[in-house]
2 protein chains.
Amino acid sequence: MFKALADEGRRRLLDALRERNGQTLLELCELLPELTRQGVTKHLRLLEDANLVVTVKRGRHKLHYLNPVPINEIAERWLSNYERDKLRALSALKAALQEDR
Amino acid sequence: MFKALADEGRRRLLDALRERNGQTLLELCELLPELTRQGVTKHLRLLEDANLVVTVKRGRHKLHYLNPVPINEIAERWLSNYERDKLRALSALKAALQEDR
DNA sequence: TTGACAGGCAACCTTTTAGTTGCCTATGGT
DNA sequence: ACCATAGGCAACTAAAAGGTTGCCTGTCAA
């Protein structure tokens, strides 16, 4: 899932869906004009595999929806650990930097 | 920075530093016995480039410290956007899934 | 019912990333 | 002074990610 976020293009796609949910493939392609449709498809596939977007086929359109659940899960489960130890880590850092070298 | 987090080994390194800050390279190597020392060095280099760890040379030891600032910055700046729109995105998602297909 | 539109699939190429090996440098203990 | 310890650098290989092209399928609208 971090891997899915580790690409600027994919983050752009997520942002776009955050702004307007349920966009089609071609709509999202306009967002990344430097890529071909298939390129965008691949990125969306990764996001789907990471369960960050969910798709619905409607007629000949494929609509893409943001799935906000896992990104929040990660944020809470993983990042809050760092939040918790932030001050301790910071002071250790400062101490180390100020010691005699 | 997401790229730096997009690797299990590097996350393990960060976790280790969260548990005990200021470890040397060789100490961290024990954490990833499947890699050689140079392999670990490279990972630490990436973490350092992403400004997630800071190093201090002390004698012949190189101490690694967690830098908790950027990880929190990201969490707040980026992830909180998704938190903000969570409910809206969720309901759009549900609506889409329940529509006639 | 035919053609244009939206999208899928597979093969291929290129670039990045991950990892190793071999050798070199500096520091500290005895 | 010497050797073991801690680490750095560079070249190389292997694997994965990113992207393209070409062609195929399904759906809607005239």
Side-chain angles (χ1 to χ4, degrees), chain A residues 1-17 20-67 96-97 99-101, chain B residues 1-17 20-67 96-97 99-101:
Chain A
M1 128 115 205
F2 277 114
K3 253 196 206 155
L5 291 177
D7 180 276
E8 173 59 27
R10 288 194 290 269
R11 289 194 296 270
R12 291 239 295 274
L13 289 171
L14 290 179
D15 282 338
L17 289 179
R20 188 160 67 77
N21 220 343
Q23 298 192 53
T24 69
L25 172 58
L26 285 184
E27 284 172 328
L28 292 169
C29 276
E30 292 172 21
L31 209 96
L32 299 173
E34 65 268 23
L35 298 197
T36 61
R37 177 173 56 86
Q38 289 76 0
V40 177
T41 299
K42 284 202 177 179
H43 283 300
L44 288 170
R45 174 100 189 281
L46 288 188
L47 291 172
E48 215 177 329
D49 289 349
N51 200 30
L52 290 174
V53 316
V54 173
T55 61
V56 179
K57 274 203 290 184
R58 293 241 293 145
R60 56 177 159 178
H61 297 283
K62 187 180 190 183
L63 306 179
H64 297 77
Y65 289 88
L66 190 60
N67 179 8
L97 293 172
E99 261 173 42
D100 295 336
R101 295 151 227 179
Chain B
M1 128 114 203
F2 278 113
K3 254 197 207 155
L5 291 178
D7 180 276
E8 174 59 28
R10 289 194 288 269
R11 289 195 295 270
R12 291 239 294 276
L13 289 172
L14 289 180
D15 281 338
L17 289 179
R20 187 159 66 78
N21 221 344
Q23 299 192 52
T24 69
L25 172 57
L26 285 185
E27 285 171 327
L28 292 170
C29 277
E30 293 172 21
L31 209 96
L32 298 174
E34 65 267 22
L35 299 196
T36 62
R37 176 174 58 83
Q38 288 76 2
V40 177
T41 299
K42 284 203 175 178
H43 283 299
L44 288 170
R45 174 99 188 282
L46 288 188
L47 290 172
E48 215 177 330
D49 289 348
N51 200 30
L52 292 174
V53 315
V54 174
T55 61
V56 180
K57 274 203 291 182
R58 294 241 293 143
R60 58 176 158 178
H61 297 281
K62 187 180 190 185
L63 306 180
H64 297 77
Y65 290 87
L66 190 61
N67 180 7
L97 292 172
E99 260 172 43
D100 295 337
R101 309 168 206 160

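Throughout, a chain's letter reflects where its sequence line sits, starting with A, and its residues are numbered from 1.
Looking at B:Glu48 and B:Thr55, their side chains come closer than 4.5 Å, going by heavy atoms from C-beta outward. Side-chain atoms of A:Leu17 and A:Leu28, non-hydrogen and from C-beta on, do get closer than 4.5 Å to each other. Inter-residue side-chain proximity for A:Lys3 and B:Lys3 is flagged as unmet; no heavy-atom pair is nearer than 4.5 Å.
In this structure, B:Ala50 and B:Met1 approach most closely via the heavy-atom pair CB-CA, 4.3 Å.
Rounded to an integer number of Å, the gap from CG of A:Leu44 to C1' of C:dG7 is 12 Å. At whole-Å resolution of the value, NE2 in B:His61 and C1' in C:dG29 are 11 Å apart. Rounding to whole angstrom units, CD of residue A:Glu48 and P of C:dG7 are separated by 13 Å. The distance between atom NZ of B:Lys62 and atom C1' of C:dT25, rounded to the nearest whole Å, is 14 Å.
In this view, B:Arg12 and B:Glu34 satisfy the salt bridge (Lys or Arg N to Asp or Glu O under 4.0 Å) rule, not counting sequence neighbours. Applying the salt bridge (Lys or Arg N to Asp or Glu O under 4.0 Å) test to B:Arg11 and every residue at least two apart in sequence or in another chain returns B:Glu8.
Contacts between residues 20-30 of chain A and DNA chain C, defined by a heavy-atom separation under 4.0 Å, are made by A:Thr24, A:Leu25, A:Leu26.
At distances below 3.5 Å, not a single donor-acceptor pair connects side-chain atoms of B:Asn51 with backbone N or O atoms of B:Asn67.
Atom CD in B:Glu30 sits 9.0 Å away from atom CD in B:Gln23 (nearest 0.5 Å). Interatomic distance, A:Leu52 CG to A:Leu13 CG, rounded to the nearest 0.5 Å: 11.0 Å.
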Donor-acceptor pairs under 3.5 angstrom involving side-chain atoms of residues 37-47 of chain A: please list them, not counting sequence neighbours.
{"from": "A:Thr41", "atom 1": "OG1", "to": "A:Arg37", "atom 2": "O", "distance (Å)": "2.9"}
{"from": "A:His43", "atom 1": "ND1", "to": "A:Arg10", "atom 2": "NH1", "distance (Å)": "3.1"}

Take nucleotides 17-22 of chain D nucleotide by nucleotide from the 5' end and write B, S or -, depending on whether a protein heavy atom sits under 4.0 Å from the base, only from the sugar-phosphate, or from neither. SSBBBB
In B/S/- notation (B base, S sugar-phosphate only, - none; protein heavy atoms under 4.0 Å), nucleotides 24-30 of chain D written 5' to 3' is ---BS--
